[in-house]
There are 4 protein chains.
Amino acid sequence: MARPRPPADLRRKPQQDRSRAMVERIISAGQAVLLRDGYEKASTNRVALEAGISPGSLYQYFPDKESILTAVIDRYSDELSARLTGVLSGHLDLPGPELVRATLDGLLDALSENVEFLRLVGEQLPRSQFKDKAEAMEQRIGDLVSTYLMVQRPPARVQEPPTSAWILVRLVEHLTVQYVLESPAIPRDRFVEELTRLIVAYVDPGA
Amino acid sequence: MARPRPPADLRRKPQQDRSRAMVERIISAGQAVLLRDGYEKASTNRVALEAGISPGSLYQYFPDKESILTAVIDRYSDELSARLTGVLSGHLDLPGPELVRATLDGLLDALSENVEFLRLVGEQLPRSQFKDKAEAMEQRIGDLVSTYLMVQRPPARVQEPPTSAWILVRLVEHLTVQYVLESPAIPRDRFVEELTRLIVAYVDPGA
Amino acid sequence: MARPRPPADLRRKPQQDRSRAMVERIISAGQAVLLRDGYEKASTNRVALEAGISPGSLYQYFPDKESILTAVIDRYSDELSARLTGVLSGHLDLPGPELVRATLDGLLDALSENVEFLRLVGEQLPRSQFKDKAEAMEQRIGDLVSTYLMVQRPPARVQEPPTSAWILVRLVEHLTVQYVLESPAIPRDRFVEELTRLIVAYVDPGA
Amino acid sequence: MARPRPPADLRRKPQQDRSRAMVERIISAGQAVLLRDGYEKASTNRVALEAGISPGSLYQYFPDKESILTAVIDRYSDELSARLTGVLSGHLDLPGPELVRATLDGLLDALSENVEFLRLVGEQLPRSQFKDKAEAMEQRIGDLVSTYLMVQRPPARVQEPPTSAWILVRLVEHLTVQYVLESPAIPRDRFVEELTRLIVAYVDPGA
DNA sequence: AATGAATGAGTGTTCATTCAT
DNA sequence: GATGAATGAACACTCATTCAT
């Protein structure tokens, strides 16, 4: 009747769990400090204080300060990615303009989810802090868009899909982010409509 | 026998001149340090050393460190503005697509003039350091574009010129800057052509 | 029917053995770390890592960091002692100069056995770390030399054997160690010869 | 009647003086801390506190901690050198044994001047902290001794003056230092006498 | 106006030691 | 016994700013 022991890697779970929990706690503390005090004031001591641990304990989980801040940004950007992946995959079968509109809507939703942090990343952090992450994401999405432009029927009327993709990815990213951060006096549906028109006119000028 | 005193504002001129010269010297030193050592290493002591004055003297001309860096950025952005104004004013009489093309060309030339500094601003500085300046410029140019969209004959086929202007300004700014900074594998004339197509298709879909 | 208990000191043996084995393991780890990373970098964490145990476990066997390092040095110096004892006991019947020469040879051999560690002790460690051990050894050997000077026939022509012994012990120790560490441009047999001459002339000026 | 201005380099003296005075103050503080708290406890903060200045001010005069400690040692060793130079130059015309005796006397006097610091250097500091200084001095004095052995009439009966000098320098240095530090139960004149005999018997065995 | 020495709170990081498990 | 996460005081060093000269 003895319960069989779980395999070793499962038995070690609680330890890993505690460790992972602490990592999460530190990342959350880092995020809180960044949001509350700003990038320049975000010191390891403040992060430790916020996390309720001692400065030395940070270094059980992260090799240095930069890695903590990177982890904060990575977590945010992973959340954003996850949200976007969900959004996109649901609409890939829509006709062009609808797909664009739905994507923009989902993107604006995702970006609006945590405007404070988006503002932090967009305004307080030097881009070099998250350049790699950003460029990797732009590359990945650019490839998707490029592929999409080639496979759709009828194909988009663009000469070089990669070039158009390069442009589209950056333009959509920047304009949506700026729309959320600047909150200009443009109603959201108007904005989505204009951006959709811009994109559709570009990739399918005949329509 | 007393020589008549010159009016106050004239008497203070030489003083102002010397002061202005020193301000310029400090700004140049600040720029040199930023370019040479990067944002994180740009300390007031280094700026003073580079300017050939003592650290204390900085504070005769600037209230604090941030104001020095702001002045450096302002000067750069003023230079950029001046160059752009010249570029634009020369082509305002061209038909739409030519105007766009010429503007983009001029913009790319201006941005390429000092890529190092552009990279510094675009990658190392937190945007908050130059947010006001950037938004002021975007506002100013946005108004110009908005006006242009309304006055040209036949008028652009956009529903709300301010909205289109908001979009166009940010899109052109961001894409040209990123093109210069990322140097993607897209030939420059191809890039200008695509961007021109994008813009023309947007503001003049019938064409 | 109870098996008779073995006497206490026997029962604790295995325990002591395990304990002693662990002590040895820690000392070896300490030595390895000292040699690999140097005195300044030799932290308890590194020693524990090298020994394959946890930092906390060190304190089951040693009261603090210093005692670990002391033990490392003690073990080295005990090894050295053992080697020397062997060397000396084999030559005590030789006539004066031969005895000196043979002793110096043995000493140089022993010191050359582990030059790296000798250098560590001689150059990186503050002498206070091993002062007691060194002085105890000097005292012990000094007594031997002092006795030797008195009992040999004819007796050495020194006025106060303890004084001469004090001098001889320190001079031989220091010069041989420095010879090994500095590797001056003096051939070894030349060095041994000179040192022998120095000593013999001192204790037996008539010869 | 106007006094002529002194040349620029003189006018700047007071500044240099103040600077030099501060350097001296820091070195003295460093020495005091080393003597009071020991090498391991000698932190920059303690030195600053002892000097009555702020931690940051140390770095106006020294590039890092090590350079402060090095300066402390250098000052001590320079004082020692100066004292020795005086001692030696007064006796170079004495006949061999008298010269040796006078030199040893002067050396013991010099070393006794600041026993506390000698103990610090000899027992608490890792030799690597002052290895360069020590070896330079040994080289310099060794050359002197080597020359002396060759030029005296009748010449010393040594085969290779440099080898003998190497031995003599280290032996005298070590034994005198150890005599002062250990204070063995050997009266000073007895010690000087023995050492003199040792040396004379070595370099002039016939006498 | 100009200096530049002085400041001192602050930084990121280390590590001998403890103690709940 | 053994663990290893947690500690927290301490470290060397920086730098924007001040102020007596």
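Treat the numbers as computed from the prediction; the structure is a model and nothing was measured. Each chain gets a letter, A, B and so on, in the order the sequences are listed, and its residues count up from 1.
Applying the 3.5 Å distance criterion, the base of E:dA1 shares no donor-acceptor pair with the side chain of B:Q60.
Rounded to whole Å, the distance from CG on C:L69 to P on E:dA16 is 9 Å. One atom, CG of C:L49, and another, C1' of F:dT3, lie 14 Å apart when rounded to the nearest Å. In this entry the distance linking CG of A:L58 with C1' of F:dA6 reads 11 Å, nearest Å. One atom, CZ of D:F62, and another, P of E:dA6, lie 13 Å apart when rounded to the nearest Å.
Comparing atom distances between the C:S57 side chain and each of F:dT7, F:dA2, F:dC13 picks out F:dA2 as nearest. Here the nucleotide nearest the side chain of B:N45, chosen from F:dT7, E:dA16, F:dA16, is F:dA16. When each of F:dG4, F:dA2, E:dT14 is scored by its nearest atom to the side-chain atoms of C:Y61, the top-ranked nucleotide is F:dA2. Closest to the B:P55 side chain, of the nucleotides E:dT7, F:dT17, F:dG4, is F:dT17.
Pair check for E:dA1 finds none; no Watson-Crick or G-U wobble contact set falls under 3.5 Å. Base pairing of F:dG8: its partner is E:dC15, meeting the Watson-Crick or G-U wobble criterion (both donor-acceptor distances under 3.5 Å). Pair check for F:dA2 finds E:dT21; Watson-Crick or G-U wobble, both atom distances under 3.5 Å.
Toward the 5′ end of DNA chain F lies the nearest nucleotide of C:G52, the other residue of the pair B:R46 and C:G52 mapping further downstream. The nearest heavy atom of DNA chain F to D:E40 and to C:S54 marks one nucleotide each, and the one closer to the 5' end goes with C:S54. Projected onto DNA chain E by closest heavy-atom contact, C:G56 and A:Y59 fall at different nucleotides, the more 5' of which corresponds to A:Y59.
B:T44 comes within contact range of at least one nucleobase, with a heavy-atom separation under 4.0 Å. Residue B:I53 is classed as a sugar-phosphate contact, given heavy-atom separations below 4.0 Å to backbone atoms only.
Interatomic distance, D:D74 CG to D:F130 CZ, rounded to the nearest 0.5 Å: 11.5 Å.
The shortest side-chain heavy-atom distance between A:E24 and A:R75 falls under the 4.5 Å cut-off. A 4.5 Å side-chain heavy-atom check between D:L118 and D:E123 finds every atom pair outside the cut-off.
Salt-bridge check for A:K133 with A:D78: passed, with a basic side-chain N closer than 4.0 Å to an acidic carboxylate O.
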